Amino acid sequence: MASSPQSYQKRQRELRKKERKAEKQAIRHGRSAAKAEETDDGPDEDALLEEFRILNEKFAAGEVGEDDFEYRKAEIFHKMGLGEAPEPREEEPAQADA
């Protein structure tokens with residue numbers, strides 16, 4: 001026995017109500033579907049903060065020059081969504097020969 005079009009439409013309405021309710025609840029708790037997708041694909045904030053901490057230590061110890069420090073800091077902040085991407089360098093900084 002086939003279901004009537006009214007029952008199908010009713011199920012669709014109920015499904016949309018549940019979806020809207022779930023989205024509203026997620027927004028109230030500070031996480032929307034769009035945010036969840038961004039955080040899944042984006043870099044780990046803790047790893048970026050650790051990278052920035054190490055960069056600061058190297059700069060304080062004099063192992064990293066000011067220009068390199070500022071450039072890498074801007075890269076890290078951009079990855080975290082806190083600023084614009086730095087201008088591309090024409091030449092990469094010279095690497096120390098080991």
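The analysis underlying the following values was restricted to heavy atoms, covering all of them including side chains, and did not include hydrogens, waters or symmetry mates. Model, not experiment: these values are computed from the prediction.
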Atom [atom1] of [X] and atom [atom2] of [Y]: how far apart are they, to the nearest 0.5 Å?
{"X": "Glu70", "Y": "Glu75", "atom1": "CD", "atom2": "CD", "result": "12.0 Å"}
{"X": "Ile76", "Y": "Leu49", "atom1": "CD1", "atom2": "CG", "result": "9.0 Å"}
{"X": "Gln6", "Y": "Arg13", "atom1": "CD", "atom2": "CZ", "result": "9.0 Å"}

What residues, two or more places apart in sequence or in another chain, satisfy side-chain contact (heavy atoms from CB on, under 4.5 Å) together with Gln12?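 Residues passing side-chain contact (heavy atoms from CB on, under 4.5 Å) with Gln12: Tyr8, Leu15, Arg16.
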I need the minimum non-hydrogen distance between Tyr71 and Pro88, along with the two atoms involved.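 Looking at all heavy atoms of both residues, the closest pair is OH-CA, 4.1 Å.
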Tell me the closest heavy-atom pair linking Glu84 and His78, and the distance in Å.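 In terms of heavy atoms, the two residues are closest at C-ND1, 3.6 Å.
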Does Arg20 form a side chain to side chain contact (heavy atoms under 4.5 Å, CB included) with Lys17? I'd like the steps, not just the answer. CA-CA 5 Å; Arg20 285 193 305 262; Lys17 281 183 186 179; 3.6 Å; yes
Enumerate, atom names and distances included, each donor-acceptor pair closer than 3.5 Å involving a side-chain atom of residues 52-62, sequence neighbours excluded.
{"residue": "Arg53", "atom": "NE", "partner": "Glu50", "partner atom": "OE1", "Å": "3.2"}
{"residue": "Arg53", "atom": "NE", "partner": "Glu50", "partner atom": "OE2", "Å": "3.4"}
{"residue": "Arg53", "atom": "NH1", "partner": "Glu57", "partner atom": "OE1", "Å": "3.3"}
{"residue": "Arg53", "atom": "NH1", "partner": "Glu57", "partner atom": "OE2", "Å": "2.4"}
{"residue": "Arg53", "atom": "NH2", "partner": "Glu50", "partner atom": "OE2", "Å": "2.4"}
{"residue": "Asn56", "atom": "ND2", "partner": "Phe52", "partner atom": "O", "Å": "3.4"}

Inspect the surroundings of CD in Glu14 and state if more than 12 heavy atoms from other residues, nucleotides or ligands are less than 6.0 Å away.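 More than 12 within 6.0 Å, yes.
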Are any of the side-chain heavy atoms of Arg28 and Gln25 separated by less than 4.5 Å?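 They are in contact (side-chain heavy atoms under 4.5 Å apart), so the answer is yes.
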